[in-house]
Number of protein chains: 2
Amino acid sequence: MKYSKIPEATIRRLSRYSRCLEEMEQAGEEVVSSAQLATRCMVNAAQVRKDLAYFGEFGIRGVGYYVKDLHNDIKKILGSNKEWRMALIGIGNLGSALLSYKDFLKQNYKIVAAFDIDPPKVIGRVSEKLGKPVEVLHINHLKEVARERRIEIGLITTPPSEAQVVANLLVEAGVRGLLNFAPTQIVVPEGFMAKDVFFTTILDNLAYLLSNP
Amino acid sequence: MKYSKIPEATIRRLSRYSRCLEEMEQAGEEVVSSAQLATRCMVNAAQVRKDLAYFGEFGIRGVGYYVKDLHNDIKKILGSNKEWRMALIGIGNLGSALLSYKDFLKQNYKIVAAFDIDPPKVIGRVSEKLGKPVEVLHINHLKEVARERRIEIGLITTPPSEAQVVANLLVEAGVRGLLNFAPTQIVVPEGFMAKDVFFTTILDNLAYLLSNP
DNA sequence: TTCAATTTGTGACCCCTTTCACAAAGGATG
DNA sequence: CATCCTTTGTGAAAGGGGTCACAAATTGAA
Ligand SMILES: NC(=O)c1ccc[n+]([C@@H]2O[C@H](COP(=O)([O-])OP(=O)(O)OC[C@H]3O[C@@H](n4cnc5c(N)ncnc54)[C@H](O)[C@@H]3O)[C@@H](O)[C@H]2O)c1
Ligand SMILES: NC(=O)c1ccc[n+]([C@@H]2O[C@H](COP(=O)([O-])OP(=O)(O)OC[C@H]3O[C@@H](n4cnc5c(N)ncnc54)[C@H](O)[C@@H]3O)[C@@H](O)[C@H]2O)c1
């Protein structure tokens with residue numbers, strides 16, 4: 001079962017399992033069955049087992065899974081056992097909210113550089129929000145700083161008209177993962193990964209469901 | 001073809017088509033083929049036609065689709081031809097970013113009320129961001145105000161520990177659509193719709209793809 | 001040691017979504 | 001009006017993901 005194409009949905013669910021296991025671990029629970037985990041994550045128990053089966057055998061028949069071990073294994077699979085170094089580009093309303101998003105830290109995602117096209121304009125609002133002032137650099141320095149600080153993921157929170165421009169800069173700087181919050185589809189070359197977060201698509205979805213009960 | 005269950009993926013794509021058509025309309029393009037639209041949205045041409053076929057016949061064989069008409073038809077299908085009245089609960093970092101999110105307005109989503117558990121604390125930072133000061137109400141008034149202002153969608157941007165509490169209040173107030181930004185799965189009764197926006201799930205996804213090239 | 005109870009891992013089945021391929025329909029041209 | 005070209009709409013086939021059901025493994029008690 002180990003070596004086949006992994007459904008993207010499986011990866012999304014693993015992320016959910018990981019969050020649940022985190023909570024269980026903190027609650028001191030030591031063993032969990034696929035049925036229990038499934039209930040908490042609102043999925044089918046066979047689904048849990050099948051998702052895990054893509055990557056190996058983690059359970060003990062008749063017993064279940066050791067919470068701590070399974071959590072570690074899933075983090076290893078997802079790649080969230082390491083620290084991911086991120087850059088944030090566009091320190092406006094959304095950008096400065098993300099700068100102070102505590103869950104990033106908790107989950108080993110760390111913003112290690114912030115860029116804007118007009119740093120003096122934004123420096124005030126950013127320092128105000130956090131305990132210590134944040135260094136906002138000019139976008140012109142992206143390439144050198146990205147290499148220096150070994151940045152692996154770029155968060156794009158510029159206006160939509162600039163999103164592809166910034167994406168190109170990130171690609172040039174060798175940043176392989178891009179997460180785009182602007183409402184434009186961005187395109188990246190082979191070997192790079194871009195994901196879009198479209199708020200209004202989700203809203204449209206909700207609106208459709210409300211309109212067609 | 002008209003009356004069958006509509007895949008959720010189809011609805012998501014319709015939202016993409018709508019955005020593209022918006023751009024084309026503004027660019028003055030009058031006619032578009034399924035192949036052209038497909039290329040722009042990075043999907044298969046047959047997929048475009050099949051998605052539309054769920055709802056009727058909108059094209060002209062040998063010609064294509066009239067941009068303006070198709071855009072209107074899709075907006076009607078999605079329910080985005082009407083104005084949606086929303087409440088925002090939790091005016092912290094993310095909440096105040098959303099308050100000033102211009103795309104909401106452009107797409108007929110309107111925040112008509114803002115709530116927090118401590119309005120005096122947040123009023124400053126909100127007024128600063130927008131031209132005119134925003135009225136932030138105490139969460140205790142949610143129920144009455146929701147009815148008064150005919151609120152249909154609630155945006156939850158409180159800490160995760162409060163998300164379900166707020167969700168329950170919204171349900172009680174008869175708000176049928178919920179969009180939750182806190183990293184906790186919220187549960188709502190039959191007849192209500194809740195969607196979660198998990199930033200870190202998307203990041204986990206990206207991290208996985210970067211770890212397993 | 002044997003047997004009952006529990007829970008995993010997985011083959012087989014089913015359903016939903018996507019893609020393919022082509023007939024049907026409309027437009028343009030002479 | 002006839003012919004050719006383009007593009008839609010859709011039945012059929014392919015593909016992928018989810019669910020079911022059961023054999024295999026493990027524990028614990030008789
Ligand atoms: N505000 C929200 O809640 C929200 C929600 C979802 C999506 N978005 C999207 O996120 C993006 C940012 O939204 P916002 O409200 O923060 O806008 P904003 O105007 O407040 O911030 C944009 C920032 O990007 C900077 N910028 C512009 N061009 C740049 C460039 N080439 N390089 C570097 N920095 C540049 C600007 O100086 C500004 O500080 C937009 O695309 C928006 O559609 C915003
Ligand atoms: N900051 C981000 O960029 C970001 C990104 C993604 C998700 N989130 C999530 O969004 C939520 C808000 O994040 P934030 O950074 O804005 O936090 P925050 O602490 O800045 O804001 C939370 C706000 O909610 C208010 N609040 C608390 N309990 C309430 C209640 N019962 N009723 C009404 N209001 C209440 C608080 O007074 C505060 O103003 C969190 O769940 C966070 O995990 C934040």
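Just so we're on the same page: letters track the sequence lines, and every chain starts at 1.
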Protein-proximity profile, nucleotides 25-30 of chain D, B/S/- by nucleotide at the 4.0 Å heavy-atom cutoff, equals BSS---
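Counting non-hydrogen atoms under 4.0 angstrom, B:Ala9 reaches the backbone sugars and phosphates but no base.
Judged as a ring-ring contact (aromatic ring centres under 6.0 Å, His included), and not counting sequence neighbours, A:Phe58 has no contacts.
Between C:dT19, D:dC22, D:dG18, one nucleotide has an atom nearer to the side chain of A:Arg49 than all others, and that is D:dC22.
Between the P atom of D:dG15 and the NZ atom of A:Lys5 lies a distance of 10 Å, rounded to the nearest Å. Taking atom CG of A:Leu14 as the reference point, atom P of D:dG18 lies 12 Å away to the nearest angstrom. In this structure, the CG atom of B:Asp51 is 13 Å from the P atom of D:dT10, given to the nearest Å.
With B:Arg150 contributing its side chain and B:Arg85 its backbone, the two residues share no donor-acceptor pair below 3.5 Å. Judged by distance alone, the side chain of B:Arg149 and the main-chain N or O of B:Val112 form a donor-acceptor pair under 3.5 Å. Distance alone, capped at 3.5 Å, places no donor-acceptor pair between the B:Ser18 side chain and the B:Leu14 backbone.
In this model, the phosphate group of D:dT8 is approached by a side-chain N or O of B:Ser34 to a distance below 4.0 Å at OP1 or OP2. Regarding contacts with the backbone of C:dG9, a side-chain N or O of A:Tyr65 is found under 4.0 angstrom from either OP1 or OP2.
B:Lys50 contributes a side-chain N or O that forms a donor-acceptor pair with the base of D:dG11 under 3.5 Å.
Map B:Leu52 and A:Ala46 each onto its nearest nucleotide of DNA chain D; the residue landing nearer the 5' end is B:Leu52.
Taken from CG in B:Asn180 to CD in B:Gln164, the straight-line distance is 8.5 Å, to the nearest 0.5 Å.
Between B:Phe181 and A:Tyr101, the distance from one ring center to the other does not fall under 6.0 angstrom.
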